[in-house]
Structure formats: C-alpha cells, structure tokens
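Lettering of chains follows the sequences in order, A, B, ..., and the numbering in each one begins at 1. Please read these numbers as outputs of a predicted model, since none were measured by experiment.
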Amino acid sequence: MSDTTWKRTKYAAEIDEDDYNTEMTLCGWIQSTKNLGKMAFIHIRDRSGLAQVTALSKTMGPELFKEITSIPRESAISVRGVIKQSPQARAGWEMIPYYVKVMGEAKTPLPLGVVDKVDADMDTRLDNRFLDLRKPEKQAIFKIRSTILSATRDVLLEEDFLETHTPKIVAAATEGGTALFKMEYFDRPAYLNQSPQLFKQTMMATGLDRVFEIGPAFRAEEHDTVRHLNEYTSIDVEMAWSDDEDTMEILEKVIQRAYTDVINNNFMCLEALKRTLTVPERPFPRITYGEIIERLQEKKLKIRDEGSGKMRTIQWGDDIPTEGARIIAKERPSLYFITEWPVDLKPFYIQPKDGEFRVSKGFDLNYGEKELVSGGQRVHDPKLLKEMFKRKGLNEEDFHFYSKAFDYGMPPHAGWGLGVERLTMIISGVSNVREVVLFPRDKHRLVP
RNA sequence: GCCCCGAUGGUGUAGCGGCCUAUCAUCUCGGCCUGUCGAGCCGAGGACACGGAUUCAAAUUCCGUUCGGGGCGCCA
C-alpha cells in the first residue's frame with residue numbers, strides 16, 4: 001500500500017471542535033514562519049483560509065524543529081499532526097506537528113511577495129500570476145467570475161436556451177469594422193473570429209429557437225485601456241420569434257441572477273474585496289439615445305467634428321464619446337439601458353425601427369460609463385438585409401454564407417452579447433479589466 | 001494609430017548636475033527570544049533599463065532604443 005499520510009484530511013476552514021485531539025494532515029503553502037527560538041508559528045494557507053501550526057522544540061526535538069522552521073515561505077508542504085484547542089490561536093485551534101513533507105520548495109527571494117507590505121505593479125503581478133493568485137483577494141475575483149458564469153448558464157437553461165459553440169477560426173471578415181487577427185489555416189489565410197454574431201443568427205433559421213454561447217472573442221484593435229482586451233469572453237444570446245424587449249428581459253434576469261448568486265455564494269469573496277452589493281431591480285431604467293444627446297447638449301459637451309476637425313456641440317447622430325458617458329454616469333452610476341440608437345451607429349444586422357432608417361431597435365446596457373452589453377432586434381427580412389449591406393458599404397457576396405440562411409425562412413429574432421470581464425469588473429468592483437482575466441492578452445502582453 | 005508620463009536592489013520607492021561609497025520600507029541570510037498573527041531587537045546582503053552625447057563632474061541634462069503606465073478614438 002502506498003503512503004497517503006501526505007494527503008489532505010480537511011481544508012483549514014473545515015476544521016472545528018469535533019476534530020480536536022485528532023490526527024490530521026494539512027496541505028498548503030507556508031505563508032509565514034514566526035520563529036521565537038524554542039517555539040515557532042507556521043501559517044499554512046490553503047484555498048479555504050489559514051491554519052496555524054505551532055512547533056515546539058521541546059516536544060518535537062531540535063532537529064525537526066530546525067527543519068520545519070527553515071522551509072522557505074510559499075513552499076508547498078504537507079504537515080501531519082494533532083489538532084489542539086488553543087485560546088491564543090485566532091481560529092481557536094492549532095496543529096501540533098510531528099511530520100512535515102516539503103512537496104515543492106520555493107526559491108528565494110520570491111519574484112513577488114504574497115503577503116508583503118509593499119504593492120507590486122500590475123506588470124510584475126501578471127508576470128508572476130501564479131504567485132499573485134495566491135492572494136485571497138485575487139482568488140476572490142475568479143470565484144466570483146465562476147459564479148457569474150454558472151448563474152448565467154442556470155438562467156438561460158431554465159429559460160429553454162441551448163448551449164452552443166461556433167467556430168473561432170473563420171475565413172473572412174465577419175461583421176466588418178473591427179480588425180481581425182490573421183492566421184494560417186493550412187495553406188489558406190484565416191482569421192480569429194471577433195464575435196459569434198453571424199453564426200448565432202444563422203442558428204435562428206434552424207428551429208433551435210434559443211441559443212447561447214460562452215466563448216472567446218478576438219479583436220485586433222490596438223486599444224490600450226483598462227477596459228479593453230484583445231481576447232475576451234463573450235456571453236452571446238440569440239432568440240427566435242422574439243423582439244428587442246424580449247431579449248432585454250432575458251438579459252435583466254441574467255444580470256439579476258449573477259448578483260443574487262454572488263451575494264449568496266461568495267460572501268467571503270465580497271468581504272475580501274471590501275464590496276457590498278445589492279441586487280438590481282427589474283426592469284432596469286431605460287433612457288433613449290436622443291435623451292442622452294439632449295442632456296449632453298445641455299451640459300455643452302463639445303466634440304471634434306470628423307469632417308472639419310473643428311470643435312462643435314454634440315448633435316443627434318454622433319457617437320457618445322467617453323467624456324459624454326462620464327457625464328451621464330454621474331447621474332446614472334448604476335445599470336441602465338440606452339435604446340433607440342441611430343441606425344447609422346449600429347451594425348448592419350440591427351433592425352431599423354421605422355422606414356426611414358433613422359432610429360433602430362438596438363440597445364446598449366451600461367453600468368455608469370461602462371458599456372456592458374450590446375444587443376437588439378435583428379434584421380430578418382432578406383430584402384432589408386440586402387439594403388442594410390448597401391447602406392453600410394459592405395459587399396453582399398462576402399456574407400453569402402450568412403445571408404443564405406435568410407432566403408429560406410428566417411423568423412424575427414433578437415439577442416445580445418455581454419462581456420464577461422466587464423460584468424465581473426462591475427460586480428467585483430475592480431477598475432482594470434486585466435484583474436479579472438487569468439492571463440490577459442493586450443497589445444503588449446502575449447506571455448504568460 | 002495619436003497624445004502625455006515613466007524606468008533606481010527580489011518587491012515598492014526617495015534622490016532630479018558635485019554633499020551618492022544612493023534613502024526608506026519590504027525582502028533574503030545570520031544571531032537573540034515559549035504565544036506570534038503588520039511580532040520585536042541586533043548584525044549583514046542586494047539597485048541607478050540599454051546605447052550614444054553634453055560637462056571638469058551625470059542616477060540627475062539631451063538624443064535614440066527597448067520595456068512599462070495613463071488618456072483618446074473604438075468597443076464587450
């Protein structure tokens with residue numbers, strides 16, 4: 001029989017009075033060693049929290065004492081000993097060890113201190129992400145992210161959606177506009193997909209009716225901000241026989257459940273992040289694009305005219321610049337929909353609301369100045385789709401693989417795409433999108 | 001792509017022409033300590049991104065390179 005004494009009996013946080021005076025094994029990383037000479041306190045950290053191992057030279061002998069106190073911090077170890085009640089210990093108990101095995105010794109000095117009293121730059125942290133993520137407040141973000149994803153799946157499956165996956169390697173430009181990463185597909189050029197948009201819409205012509213996909217999206221834009229990534233995770237939803245209002249309602253349910261589940265399941269994480277949350281009420285406030293422009297005009301927001309290059313007051317038809325979004329965010333710091341966007345500011349697949357191609361059935365969901373979601377009712381009439389291609393200056397031929405589905409019975413449909421990272425940022429209360437991705441990909445960072 | 005800003009021990013910083021043989025904290029190593037949990041005390045170790053220029057003198061000024069930070073546009 002193989003020796004299994006090194007295997008974990010319980011996580012630190014699972015140990016209680018019933019375990020007192022029993023022999024157990026703790027597994028984790030040495031967070032700190034406080035050596036008082038004849039007595040030492042070794043704090044072992046595992047996923048659940050901290051455990052105190054109290055070593056006594058007198059009872060364990062000077063050799064084992066020396067051995068256990070000289071293991072470098074952040075080494076992965078397994079300690080076996082007896083759990084003893086202890087009023088002086090924070091947890092009310094401590095382990096008196098008799099056996100220690102170093103499973104993975106840490107080199108010194110550490111490239112990044114886990115509990116050091118000095119902060120490290122984001123760059124240093126990301127270069128040593130495995131150490132950075134040993135910090136409970138960094139782990140908390142990813143536990144929250146996981147909850148958000150499972151909450152999303154729960155709601156969508158309850159609402160009769162089917163989870164799907166579409167290709168990330170594509171032959172040609174998808175929506176147009178965004179720059180794509182080029183790659184080699186055997187002997188042909190190919191691209192990494194910027195969004196599942198065209199594929200999920202194609203699914204609407206199949207009879208599957210309601211689909212969603214959680215997957216990566218790639219954008220080759222050289223945007224270098226705290227809210228953009230070149231690889232991000234998108235929750236994409238598309239529903240047939242539905243309009244913009246139907247899909248907004250599903251979105252509200254998803255967001256609401258994400259908040260609820262995080263509050264219910266990640267109490268400790270929120271505490272680690274010093275974050276208090278309240279579940280947003282449905283329906284979320286709706287404000288039209290036109291109302292936003294009027295408000296910005298009242299605030300005398302000036303923008304640079306694309307044609308003349310001169311500064312002028314913002315007007316209907318202009319995109320909302322970052323500065324404008326901040327002005328609105330002061331009045332609406334939480335979640336709100338922006339509806340009735342101009343047709344010209346939305347992609348070709350967004351349904352115009354009228355025959356004049358002025359206002360569309362596209363919407364955004366914002367949290368303050370942050371854009372969280374973009375969605376809308378889609379164009380489903382093939383004739384109108386052709387006209388939209390023309391209006392946007394797109395070549396219909398390039399989209400044949402997609403438009404073909406519209407020629408054989410495409411029902412009305414609507415949907416949206418939500419940035420998982422942005423929702424995680426909002427719920428976790430962190431300000432840099434890189435915080436919520438294990439190994440973020442931005443303009444400069446490709447390793448690790 | 002454009003505009004600002006920055007680079008000093010493992011980590012985070014101070015210094016911004018000579019007083020620098022470079023500050024402080026953290027860290028690492030050694031010593032003392034039987035109740036530590038931001039331990040304490042004593043001792044030691046470790047750095048001016050790279051290349052050029054100006055100057056009697058450069059961590060400090062200038063140019064270039066590399067790397068990083070922030071903002072704009074665009075977006076999720």
| Would you call A:Y232 stacked on B:rA76, i.e. ring centres under 5.5 Å apart with the planes less than 30° off parallel? | yes
By nearest atom, which of the nucleotides [options] is closest to the [X] side chain?
X: A:R326; options: B:rC72, B:rC74, B:rC27; result: B:rC72
X: A:P111; options: B:rG10, B:rC74, B:rG35; result: B:rG10
X: A:H43; options: B:rC29, B:rA76, B:rC37; result: B:rC37
X: A:L36; options: B:rU34, B:rG12, B:rG38; result: B:rU34
X: A:P109; options: B:rG10, B:rG35, B:rG69; result: B:rG10
X: A:P321; options: B:rG71, B:rG73, B:rC29; result: B:rG73
X: A:D121; options: B:rC27, B:rU13, B:rC33; result: B:rU13
X: A:H228; options: B:rC75, B:rG73, B:rC37; result: B:rC75
X: A:D116; options: B:rU28, B:rG35, B:rU26; result: B:rU26
X: A:T322; options: B:rG38, B:rC72, B:rG35; result: B:rC72

Name the nucleic acid region contacted by [X], choosing base, sugar-phosphate or nothing; use a 4.0 angstrom heavy-atom cut-off, strictly under.
X: A:T233; result: nothing
X: A:L50; result: nothing
X: A:A89; result: base
X: A:V420; result: nothing
X: A:K58; result: base
X: A:L56; result: base
X: A:V226; result: sugar-phosphate
X: A:Q31; result: nothing
X: A:S374; result: sugar-phosphate

| For the side chain of A:Q52 and the base of B:rU36, is some donor closer than 3.5 Å to an acceptor across the two? |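 Result: at least one qualifying N/O pair found.
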Whether [X] side chain and [Y] backbone form a donor-acceptor pair below 3.5 Å:
X: A:Y349; Y: A:L385; answer: no
X: A:R45; Y: A:Q31; answer: no
X: A:D121; Y: A:D123; answer: no
X: A:S374; Y: A:D364; answer: no
X: A:T54; Y: A:I96; answer: no
X: A:S195; Y: A:Q197; answer: yes
X: A:K200; Y: A:W416; answer: yes

Residue matched to [N] through Watson-Crick or wobble contacts both under 3.5 angstrom:
N: B:rG38; value: none
N: B:rU65; value: B:rA49
N: B:rA22; value: none
N: B:rA57; value: none
N: B:rC33; value: none
N: B:rU13; value: none
N: B:rG1; value: B:rC72

Grab the [atom1]-[atom2] distance between [X] and [N] for me, whole Å please.
X: A:D344; N: B:rC74; atom1: CG; atom2: C1'; answer: 17 Å
X: A:R73; N: B:rC29; atom1: CZ; atom2: C1'; answer: 13 Å
X: A:D132; N: B:rU11; atom1: CG; atom2: C1'; answer: 13 Å
X: A:L112; N: B:rU28; atom1: CG; atom2: P; answer: 13 Å
X: A:K443; N: B:rC67; atom1: NZ; atom2: P; answer: 11 Å
X: A:I148; N: B:rA76; atom1: CD1; atom2: C1'; answer: 14 Å
X: A:R125; N: B:rG12; atom1: CZ; atom2: P; answer: 11 Å
X: A:E369; N: B:rG71; atom1: CD; atom2: C1'; answer: 14 Å

| Counting heavy atoms not belonging to A:M183, are there more than 12 under 6.0 Å from its CE? |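 Correct, the count exceeds 12.
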| said: If we check side chain to side chain donor-acceptor pair (under 3.5 Å) with A:Y232, which of these qualifies: A:E421, A:R422, A:R441, A:R219? | reply: A:R219
Using the [atom1] atom in both, what is the distance from [N] to [M], to the nearest Å?
N: B:rC33; M: B:rC42; atom1: C1'; answer: 12 Å
N: B:rG9; M: B:rA22; atom1: C1'; answer: 11 Å
N: B:rU36; M: B:rG17; atom1: P; answer: 48 Å
N: B:rC3; M: B:rG73; atom1: C1'; answer: 11 Å
N: B:rC4; M: B:rC63; atom1: P; answer: 13 Å
N: B:rU60; M: B:rC48; atom1: C1'; answer: 10 Å
N: B:rA25; M: B:rU13; atom1: C1'; answer: 8 Å
N: B:rC16; M: B:rG70; atom1: C1'; answer: 22 Å

Does [N] have its OP1 or OP2 closer than 4.0 Å to a side-chain nitrogen or oxygen of [X]?
X: A:R445; N: B:rG68; value: no
X: A:N432; N: B:rG70; value: yes
X: A:T124; N: B:rG12; value: yes

| query | Of A:F337, A:F363, A:W341, which meets ring pair (Phe, Tyr, Trp, His ring centres under 6.0 Å) against A:Y289? | reply | A:W341
| If you find the nucleotide of RNA chain B closest to A:L372 and the one closest to A:K34, which residue's nucleotide is nearer the 5' end? |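 Result: A:K34.
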| Taking for each residue the nucleotide of RNA chain B bearing the nearest heavy atom, is the 5' side occupied by A:R227 or by A:R434? |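 Nearest nucleotide further toward 5': that of A:R434.
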